[in-house]
Protein chains: 4
Amino acid sequence: MTEISLQRLEFSLDPKSGVPFYKQVILQVEMAIADQRLTQGDQLPTVRSLAVDLRINPNTVARAYNELEIRGIVTTQQGTGTFISDKQIELTAVQREEVLAEMSKSFISKAYSYGFTIEELIDYLEELGRDGGQ
Amino acid sequence: MTEISLQRLEFSLDPKSGVPFYKQVILQVEMAIADQRLTQGDQLPTVRSLAVDLRINPNTVARAYNELEIRGIVTTQQGTGTFISDKQIELTAVQREEVLAEMSKSFISKAYSYGFTIEELIDYLEELGRDGGQ
Amino acid sequence: MTEISLQRLEFSLDPKSGVPFYKQVILQVEMAIADQRLTQGDQLPTVRSLAVDLRINPNTVARAYNELEIRGIVTTQQGTGTFISDKQIELTAVQREEVLAEMSKSFISKAYSYGFTIEELIDYLEELGRDGGQ
Amino acid sequence: MTEISLQRLEFSLDPKSGVPFYKQVILQVEMAIADQRLTQGDQLPTVRSLAVDLRINPNTVARAYNELEIRGIVTTQQGTGTFISDKQIELTAVQREEVLAEMSKSFISKAYSYGFTIEELIDYLEELGRDGGQ
DNA sequence: GTGGTCTAGACCACA
DNA sequence: GTGGTCTAGACCACT
């Protein structure tokens, strides 16, 4: 696929969304990993620098990073920084299929409650896939 | 396999989204109106039945309905029920896209943590779409 | 086995241990679950009451509970309380064995660094098993 | 299978214990002295080699050694190394038990989260003990 | 009254 | 400089 964009790592918060800041940060880190803007071993912005960037309290950033660490998505080294972890969840093919089915069903149900069709979902995911492609 | 039914109105809550339950309900009603799944005069589920359905406190549903009424989107008839009023909901393509984007990103993030790629997700959804017919 | 003790749920902190308060709380909840003083569905002390009990800040208790929730050990319901989760990690027999082996090896290595022998470990675990037995 | 070697001195760190690295090092040296695995005149690993071994910053090792020296437990000879001094370490049974208890509880807690019972742990350790000879 | 989020600010541990 | 812990206190969401 063609290299459309070399998106930098850029966080932003939407205070009106009702989504807590720390969850927005978590989500954006996960998204960055999902579309390869962040990969194993990459360092995240420091707690303090991201806090300044986003104009929020360092504790809030720390909380997001902490939760990411508990989930095994990042690892931190005191005094050094926070890095994307290299750990991957290992599942059997059957378990993988089960997880995928359950996740997808719940995604579709939710989307359906908002009036979206499966086609719209697929179109949107394809768009994301193209934009975020490596 | 998909179990995505063709009911016109179906609420669902995502406790992990960080969006308050009552806001999720409000948004789903608004989207349904914008989609014509709900039109003027349609009755909403009763507070109690929806509360049971969603396994939340009736106060939470009441709060959502109350806010919808304040905005003029529904009207409550004491002892009868809650009905869609004649106010038009205009959701721009942008607003719709925002909702879709948030949902999709959260889906992708979760999927990532299990090692799925966007391509796998799309394939699976397409499969569901074929099997389930829409 | 005979019912030696009906231990109540009682938390305590050791400020001198160097172990952060919130980790001590987490550990004590886990221990209580491990020896059945807490089982599925049981409610934990409220954040505020435990904070008063332990004479620490409610945020510190909340942090412990939050981490327990992320790990799937407890679930919280806003406005209601925090409860022992019924979720169990499901593993195949092979995975179980692998996990057990890895955990045990690391436990023994650590114990060995402190000069303990396997026999001492076994003796101590047996003692814990007797005391905490249901 | 056990890979528990018979080396007299082996350091290990548990980053998740919440106990600072330098304190873990100090405690392990003390326990080794109390156990006679280290006696007067024995040389400790050099700061650099231990730092490499444990994959931590040499400053951290230096800090541990420094504190041990302040307490009179080791003496440093510039350019030569760090040696056990003649000071006796008296660890009471209670202190030893405390260390053992903390380690064991943390082991059990983790094991619990994977659904293992204390009995299974004991069985497995006994197996290791037999296989590996002690 | 329950838990959840966020801030401000202090102090510690580590590099 | 890095992240980690804790407090005090405010305000919100939900029962």
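Quick note on labels: first sequence line is chain A, next is B, and so on, each numbered from 1. Just so you know, these numbers come straight off a predicted model, no measurement behind them. The figures here come from the full heavy-atom set of this structure, side chains too, leaving out hydrogens, waters and symmetry mates.
Not counting sequence neighbours, the partners of C:Gln24 by the side chain to side chain donor-acceptor pair (under 3.5 Å) test are C:Ser17. Under the ring-ring contact (aromatic ring centres under 6.0 Å, His included) criterion, C:Phe107 pairs with D:Phe107, sequence neighbours left out. C:Glu102 pairs by the side-chain contact (heavy atoms from CB on, under 4.5 Å) definition with nothing, not counting sequence neighbours. A:Ser113 pairs by the side chain to side chain donor-acceptor pair (under 3.5 Å) definition with B:Ser12, not counting sequence neighbours. Annotation: side chain to side chain donor-acceptor pair (under 3.5 Å) contacts of D:Ser106 (sequence neighbours excluded): none.
One can find a donor-acceptor pair under 3.5 Å joining the base of E:dG3 and the side-chain atoms of C:Arg48.
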Contacts under 3.5 angstrom, residues 45-57 of chain D side chains, donor-acceptor by atom type, not counting sequence neighbours:
unit_1	atom_1	unit_2	atom_2	d
D:Thr46	OG1	D:Ser49	N	3.0
D:Thr46	OG1	D:Ser49	OG	3.0
D:Ser49	OG	D:Thr46	N	3.3
D:Ser49	OG	D:Thr46	O	3.1
D:Asn57	OD1	D:Asn59	N	2.8
D:Asn57	OD1	D:Asn59	ND2	3.3

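Computed from coordinates, the A:Leu68 CG to F:dG4 P distance equals 12 Å when rounded to whole Å. Distance C:Gln43 CD to E:dG1 P: 15 Å, rounded to the nearest Å. Atom C1' of nucleotide E:dT2 and atom CG of C:Leu44 are separated by 13 Å, given to the nearest angstrom. Put simply, NZ on A:Lys16 is 17 Å from P on E:dC6, counting in whole angstrom units. The CD-P distance, from A:Glu67 to F:dG3, rounds to 18 Å in whole Å. The nearest whole Å value for the distance from the CZ atom in C:Phe83 to the C1' atom in E:dG3 is 11 Å. We find that CD of A:Gln24 is positioned 12 Å from P of E:dT5, with the value rounded to whole Å. Remark: P of E:dT2 and CD of C:Glu69 are 17 Å apart, rounded to the nearest angstrom.
Residues from residues 55-64 of chain A with heavy atoms under 4.0 angstrom of DNA chain F, sorted by number: A:Asn59.
Residues in residues 63-73 of chain D take part in these salt bridge (Lys or Arg N to Asp or Glu O under 4.0 Å) pairs, two or more places apart or across chains: D:Glu30-D:Arg71, D:Glu67-D:Arg71.
Under 4.0 angstrom from either OP1 or OP2 of E:dT5 there lies at least one side-chain N or O belonging to A:Tyr22. Between C:Thr76 and E:dG4, a side-chain N or O to OP1/OP2 separation shorter than 4.0 Å is present.
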(request) Might you work through the side chain to side chain contact (heavy atoms under 4.5 Å, CB included) test for D:Val25 and D:Val61, ending with a clear yes or no? (result) CA-CA 8 Å; D:Val25 171; D:Val61 178; 5.6 Å; no

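At the heavy-atom level, A:Phe21 lies under 4.0 Å from the strands shown only through sugar-phosphate atoms.
Each of A:Thr82 and B:Lys23 lies near DNA chain F, and the nucleotide nearest A:Thr82 is the one positioned closer to the 5' end.
For DNA chain E, each stem of at least three Watson-Crick or G-U pairs (distances under 3.5 Å) is given as range with range: E:1-14 with F:1-14.
For the pair B:Ile26 and B:Ala64, the tightest heavy-atom approach, listed with the atom from each and the gap, is CG1-O, 3.8 Å.
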